[in-house]
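Notes for the one structure printed next.
So that the names make sense, note that chain A is the first sequence line, chain B the second, and so on, each numbered from 1.
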Amino acid sequence: MRAALRGDTAGVDWLFREHWPAAYRAAWLIVRDEAAAEDIAQEGFLAALRALDRFDRARPFGPWLRTIVARRAIDAARARALRREVGDEPLAAVVAREDIDAPALADDVLAAVAALPDDQRIPIALRHLLGFTPGEIAELLDLPRGTVNSRLRRGLDALSEALT
Amino acid sequence: MSDLGRRLRAARAPGEEAAFRRAHPLALAAVSAAPPRRRRGRRALRTLAPLLTALIAAGLLLTPAGADVRSWISDAVTSSKPAPVRAQTLPGGGRILTAGRDGLFVRSARGPRRIFGDVGEAAWSPRGLFVAATRGIELIAVSPRGERRWSLHHRAPIRHPRWAPSGYQIAYLSGGSVFLVDGDGSDDARLGAADGAAPAWRPARGHSQLAYARGRSVVLRDTIDHRVLFATRVARRPLALSWSADGERLLVVERDRIQLLNQFGARLRTSHAPAGTRNVTGTFARSGRDWTLVRTQGASSRLMLVSGQDTLKVLELAGRVGAITYSPRGDWLALGVGRSVWLVRPGYHAGLRGVHTVPAHGRLMDWAP
């Protein structure tokens, strides 16, 4: 972190290798779109880099980056849903990628999570990949905490069923 | 961390490795472009902050995957103005052609250059070596340096010159007919009756075929032996015709509907414009089968990206979009909005990644390598 703060490329390289993959994976699980995930993770990382001067070194970098990425991915998923064009029948939008071939993913757990509906998949990704607490997820998603807990529970139940 | 968390952290998401390879150098470049930071010396930091921001922003702007950081436009009517393109940049590269009463202009990364006088329309040759321009009843071939190579004239005004992908011929409309002339100005000959939309050359290797509108029909004709390959009746006069890069789909834009035909003229899909809206133009992307559509509703224009069954409304702006064309690499899209040119980078979920305006000198015509 100190090296990165000094503008040392090696320090940034370490930060990138340590934190970018989880950021990308979480973004992908939320938006289920490779290009979107790439941009979200990249935007988030660069935004974090730009703000290194203001960064409080007493706090770990990972959670900070993950919060940026989570917010951007959630915004992207919401914006995408809002952009569905309705009433244009033959060109009807199917914005959410329901056509993902879950079994084609190399990892069965990732495939099972990816196949969950939005309301379960996003809380699961935030909780188990990014490490947010249910309270933090409730704040990010603007939902009551109880709703988040029940969605997490239903998601885990669905995963358990899919993987056993 | 839960077992599920460990499994998810160990997994690789689709596209992750390739994305890592693209993002990694960008991150390093962003920091190496910036001066070393100091915890002390806040005055120096304050002095350098704008420079650092500018360098990072420039890095993002010039890096394809990061270009969207530059600006983000919601699909609501844009009240925020797009950023003007700096004199030494042109997102998407290549050379943009604009035409108007001020003359024919070529805009590249080096800035705009007036190459010819007042023209009506203009189109690049496939490799950008020449421009075919119209001036009333005259068709003129001009080099990018502005040298007039040849010209011909008809009795009626000439419109919609379009160079064949091979570069050997130019198709154009005049007086209710479509004509073909060789790229050197020779062998000017009528091909058939045509009107309305600009003719569209089919990108098919080993063939020379031209689609054009004739009343309420779309005709595909072989330009070597002049055989009519198909003539498909459509509902209204086509406003725009565009082939997919593989030459297997023809987009027919009509005022109130879109039709997709296959290479044999069979109708694959019809889409009606919602009530109160009108289609203006549409074009296939430079590769693949995604296409872009412009619709108007009242005084505003709406840009939509269509990919398979998905339609994304990506931009709605006050004013009329008269023309659209993709950049040579196909990663940027130029919109002719009155006498200005908007450059947008079609992208993923929200559709737009960067929006810039080019101070144009006339209407958008074409974009060449």
With sequence neighbours left out, what residues match B/Arg278 under side chain to side chain donor-acceptor pair (under 3.5 Å)?
none
Apply side chain to side chain donor-acceptor pair (under 3.5 Å) to B/Arg216 and list each qualifying residue two or more places apart in sequence or on a separate chain.
none
Partner set under side chain to side chain contact (heavy atoms under 4.5 Å, CB included) for A/Ala70, not counting sequence neighbours:
A/Leu126, A/Leu130, A/Phe132, A/Leu140
Verdict with supporting geometry, B/Phe20 and A/Trp20, side-chain contact (heavy atoms from CB on, under 4.5 Å):
CA-CA 8 Å; B/Phe20 184 96; A/Trp20 185 92; 3.5 Å; yes
Only residue of B/Glu16, B/Glu17, B/Arg9 satisfying side-chain contact (heavy atoms from CB on, under 4.5 Å) with A/Pro21 is B/Glu16
In Å, rounded to the nearest 0.5 Å, how long is the span from NE2 of A/His128 to CG of B/Leu8?
8.5 Å
As an exercise, state the distance from NE2 of B/His24 to CZ of A/Phe45, rounded to the nearest 0.5 Å.
8.5 Å
Atom of B/Ala13, atom of A/Tyr24 and distance for their closest heavy-atom approach:
CB-CE2, 3.8 Å
Determine whether more than 12 heavy atoms belonging to other residues, nucleotides or ligands lie under 6.0 Å from atom CD of B/Gln297.
yes
Counting C-beta onward and ignoring hydrogens, is there a side-chain heavy-atom pair between A/Leu110 and B/Arg7 closer than 4.5 Å?
no
Considering only heavy atoms, which portion of B/Ala10 lies under 4.5 Å from any heavy atom of chain A: side chain, backbone, both, or neither?
backbone
When only heavy atoms count and the cut-off is under 4.5 Å, which of residues 148-159 of chain A reach chain B?
A/Leu156, A/Leu159
